[in-house]
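First up is the structure itself, then whatever we jot down about it.
Here the structure is a predicted model, which is why all the values come from computation and not from measurement.
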Amino acid sequence: MPAAKTEPQKIEPKIEQNSGQATAVQEKSYEGLTPQQLIDAYRLMYMSRRVDDREILLKRQQKVFFQISGAGHEALSVAAGLALKPAYDWFYPYYRDRGLCLALGGTPYEMLLGAVGAADDPGSGGRQMPSHWAFKHLNVVSQSSCTGTQVLQAVGCAEAGRYFGQFPNSARKADGDYREFKDVTFHGDEIVYVSLGDGTTSQGEFWESMNAAALMKLPLLVCVQDNDYAISVPVEAQTAGGNISKLVASFPNFHFDEFDGTDVIASFAALHRAIDHIRSGHGPAFLHGHVTRPYSHSLSDDEKLYRSAAELADEVARDPLSRHRGFLIEEGILDEAGIHAIEKVVDKDIQQSADRALAAPLPKLESITDWVYSPDLDPESPAFDRQPASLKQGTEEAMKKAGTPKTMADLINHTLRDEMKRDERVLIFGEDVADCSRAEYLTKKMVKGKGGVFKLTHGLQIDFGPDRVFNTPLAEASIVGRAVGMATRGLKPVVEIQFFDYIWPAMMQIRNELSVMRWRSSNAFSSPLVIRVAIGGYLTGGAIYHSQCGESMFTHTPGLRVVFPSNALDAAGLLRTAIRCDDPVLFLEHKRLYRETFGRAPYPGNDFMIPFGKARIVHPGDDLTVITYGAVVPRALQAITKLERENGVHAELLDLRTLSPYDWDSIKASVGKTNRVLVAYEDSLSWGYGAEIAARIADELFESLDAPVRRVAATDTFVAYQPQLEDEILPQPDDIYKAMLALTEY
Ligand SMILES: Cc1ncc(C[n+]2csc(CCOP(=O)(O)OP(=O)(O)O)c2C)c(N)n1
Ligand SMILES: [Mg+2]
């Protein structure tokens, strides 16, 4: 057992001892723990194991549908739950942390509700697998099944706690936007706990988290529960050198500890040293506890297929439950009768909890579509419809102030500045978005500052300081994952992905975390934030990795709003809606349109908003409908003008503006009028965004059609560097013209 370097803090037992006789009355201290606390730990460890056993039984009876156990991890897990503070500290536990959740105040009944998938399952209401913990009232945040994603979110959560401490006014409620629906709590010395298995340390997101936590000296407790295996892969085939502690040892600002996680006292001692380091502001801690895995990985796995009998027998000797039971008896803290008395009470509780959980009402089938989006704030509603200041009555002065037409880049920059001024919870970060990370160069006026590779965030760090506008490491998963953690706490990150082509490292966080946080937790948690992304081609020389579209991969993700403006005014109005709304938004900014002459507009004031799901008729017409968005809008307009001039055909041009939601009513009205429709988009043709629009028109508007639904899009290739090839690959005005002509002649 390692010696404690600092005095362990006092642990208040959270579970009362209601049976079991302590035979040792003298108050001997075990690394600062009282006999009573060691008894409480046993009760919780036993409870954890028995809930697992009950679930295994129920699974065999086909009354629950998935089981993964915390067996072998109980000593470390319970110690963590007793050493940290529920509803004060924050928790991102992984599936083996049943002991932690019980020690924090979760109950066997709640866990069994999760196992049967009952409506009252506090974690998810029957949506997420059991053991993927979420207890809102304890600050245990909803967990996915992706190994490692939780670590980045925990980093963001820790950043948020620190931010609210620095800017306490930002935590206040405000009416009229997402803040109305986010209760913020924080504590100056709070800790964010995150746990993971040994195998999960191979994930890039783990390493990104370690780097970020060290860089910012965050109050993060990383707890690796090393059971030697990741399903069937042993640690020596997983981790170079076979020991994660050796690999992470050089991260600065961390407190490190490697210990026997099957030993309750050793685990407590390690936790207390870590907690002391973190609460006193020295930075993060990395705990590495060696534990066992006496049951297979899950009930879907049979470990006898890859572990020898001798190895399994060895583990039995290290079982934390029997070890701790033996220790209590040996030390004279409890006798056999006392142990049995405790176990009897727990067994009865679990039996009753299982009976009740099996009888609990199931979620209603009609609730399936609840909580894909915020039930409180609808970005399609008239509340988000605010005219430009210059169009309002009696605002001549505003008109004068609006001045000359501005580019899309200018108006996005203006809108970001306005919203940062209005709402102190708005933070901006990403790669190169700051003016200058070496801030003294700015204060000494040695440099002007960068503010993004496209300069969209220029001047924002100068105006709002480096706590609100900052550069991140070059790691996209980290940008989005941290933002998810912050948004869960109530901040409004408006992050930038430098090029759409590089969004893919963040795809796991976007698809499996950001978009699904609200749905999987039955509205207990949400992470409304904005991801701004520079997208698209037509750049001349952009080539494969600076020209991609691919918006349909995101519109295919429920829970995410996807916006794609074609002009400066729309960009301003839609970005403001994106920032103020209560849902996560992917805001796609076409690089080619940033500084285009097309679609410039005067500054529309600091309250101008466009609701989502409202298309704009860019050009009215009766003969044919062209549905498009983004950089194809000006190209389609060019083609339509030519068609009108040369062929006397009047096409209507619909700019969708937002792709999810999209304006079906306007599509219906236009196609009902013209009876011919072309869907044009910049992405490659097959499986692109237009496929869904075309399919729905064919399905629901079949009777209105006088011709087949046609599409114009890029070739099914990537975009090439050589400009002649690029022109051939991407849809051009002439392609649109020809397709329209063919449609009218059909
Ligand atoms: C990103 C991802 N890849 C694969 C899986 C499937 N999977 C679930 S748990 C697991 C092993 C995890 O091992 P470890 O981190 O050591 O945790 P342990 O289960 O041993 O406690 C794997 C491969 C997953 N859930 N997520
Ligand atoms: Mg493992």
Side-chain angles (χ1 to χ4, degrees), residues 476 497 499-508 510-511 533-557 560 562-564 566 586 588-593 624-640 653-656 658-660 662 667 676-699 705 707-743 746:
E476 287 77 10
I497 296 291
F499 292 91
F500 182 86
D501 316 64
Y502 309 125
I503 199 167
W504 311 118
M507 194 60 173
M508 180 79 104
I510 295 173
R511 166 86 190 174
V533 193
I535 191 170
Y538 299 111
L539 299 179
T540 313
I544 304 161
Y545 303 103
H546 297 83
S547 305
Q548 288 176 30
C549 282
E551 54 278 7
S552 62
M553 300 196 205
F554 297 91
T555 52
H556 190 59
T557 296
L560 193 63
V562 181
V563 180
F564 202 155
S566 72
L586 186 71
L588 303 172
E589 302 169 1
H590 203 290
K591 301 186 284 279
R592 182 61 205 259
L593 298 176
L624 167 77
T625 301
V626 179
I627 300 168
T628 189
Y629 50 90
V632 182
V633 171
R635 285 160 182 78
L637 189 59
Q638 219 178 306
I640 283 173
L653 179 56
L654 269 191
D655 176 359
L656 289 179
T658 65
L659 308 185
S660 178
Y662 65 93
I667 293 174
R676 285 164 207 270
V677 60
L678 177 73
V679 189
Y681 50 103
E682 183 182 330
D683 198 6
S684 44
L685 180 78
S686 302
W687 300 285
Y689 182 77
E692 172 63 23
I693 302 294
R696 190 164 173 199
I697 293 170
D699 180 354
L705 293 174
V709 185
R710 286 271 153 85
R711 287 174 291 160
V712 169
T715 52
D716 285 337
T717 62
F718 285 86
V719 177
Y721 168 71
Q722 214 297 322
Q724 286 183 24
L725 297 183
E726 179 184 14
D727 281 355
E728 187 61 20
I729 288 163
L730 293 177
Q732 305 299 333
D734 201 45
D735 301 320
I736 301 169
Y737 170 79
K738 283 183 187 139
M740 287 192 297
L741 199 57
L743 259 184
Y746 183 86

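Contact detail for Leu743 and Pro708: the closest heavy-atom pair is CD2-O, 3.4 Å. Of all non-hydrogen atoms in Gly537 and Arg592, the two that sit nearest each other are O-CB, 3.7 Å. Across all non-hydrogen atoms, the minimal contact from Val709 to Ala694 is CG1-CB, 3.7 Å. The two residues Ala720 and Ile729 have their closest heavy-atom pair at N-CD1, 3.5 Å. The minimum heavy-atom distance linking Ser684 with Ala713 is given by the pair C-CB, 4.3 Å. Contact record, Asp655 with Tyr629: OD1-CA, 3.6 Å, taken as the closest heavy-atom pair.
Checked by atom type and distance alone, the side chain of Glu726 pairs as donor or acceptor with a backbone atom of Thr540 at under 3.5 Å. Here the side chain of Glu476 pairs no donor or acceptor atom with the backbone of Ile497 at under 3.5 angstrom. A donor-acceptor pair is defined here as one N or O able to donate and one able to accept, closer than 3.5 Å; no such pair exists between the side chain of Gln732 and the backbone of Asp734. Distance alone, capped at 3.5 Å, places no donor-acceptor pair between the Asp683 side chain and the Ala714 backbone. The backbone N or O of Ala680 sits less than 3.5 Å from a side-chain atom of Thr628, completing a donor-acceptor pair.
Rounding to the nearest 0.5 Å places CG of Leu730 at 8.0 Å from OG1 of Thr717. Atom CZ of Arg676 sits about 11.0 Å away from atom OG1 of Thr625, to the nearest 0.5 Å. The distance from atom CD of Gln548 to atom CG of Asp501, rounded to the nearest 0.5 Å, is 4.0 Å. In this structure, CG in Leu539 is found 5.5 Å from NZ in Lys591, a value given to the nearest 0.5 Å. Note that the CZ atom of Arg696 and the OH atom of Tyr662 stand 4.0 Å from one another [nearest 0.5 Å]. Of the inter-residue distances, the one linking Arg635 atom CZ with Ile640 atom CD1 reads 14.0 Å to the nearest 0.5 angstrom.
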Go through the steps to decide whether Val632 and Ile736 satisfy the test side chain to side chain contact (heavy atoms under 4.5 Å, CB included), and finish with yes or no.
CA-CA 9 Å; Val632 182; Ile736 301 169; 3.8 Å; yes
Verdict with reasoning, Thr715 to Glu728, per side chain to side chain contact (heavy atoms under 4.5 Å, CB included):
CA-CA 8 Å; Thr715 52; Glu728 187 61 20; 5.9 Å; no
Could you check Ile667 against Leu656 for side chain to side chain contact (heavy atoms under 4.5 Å, CB included), going step by step and ending with a plain yes or no?
CA-CA 9 Å; Ile667 293 174; Leu656 289 179; 4.1 Å; yes
Working note: Leu586 + Ile503, criterion side chain to side chain contact (heavy atoms under 4.5 Å, CB included); need CA distance, chi angles, decisive distance, verdict.
CA-CA 11 Å; Leu586 186 71; Ile503 199 167; 4.0 Å; yes
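Within a 6.0 Å radius of OH in Tyr502, other residues, nucleotides and ligands contribute more than 12 heavy atoms. By the 6.0 Å contact criterion, CD on Gln722 is enclosed, its count of non-hydrogen atoms from other residues, nucleotides or ligands being greater than 12.
Looking only at side-chain heavy atoms (C-beta outward), Thr557 and Ile510 stay at 4.5 Å or farther from each other. Side-chain contact check for Leu593 versus Pro634: some heavy-atom pair is nearer than 4.5 Å. Within the 4.5 Å cutoff, the side chain of Tyr538 has heavy atoms near those of the His590 side chain.
Ring to ring, His556 and Tyr689 are not that close: their centroids are 6.0 angstrom or more apart. Between Phe500 and Phe554, the gap from one ring centroid to the other is short of 6.0 Å.
Tyr681 and Glu551 share no side-chain donor-acceptor pair at under 3.5 Å.
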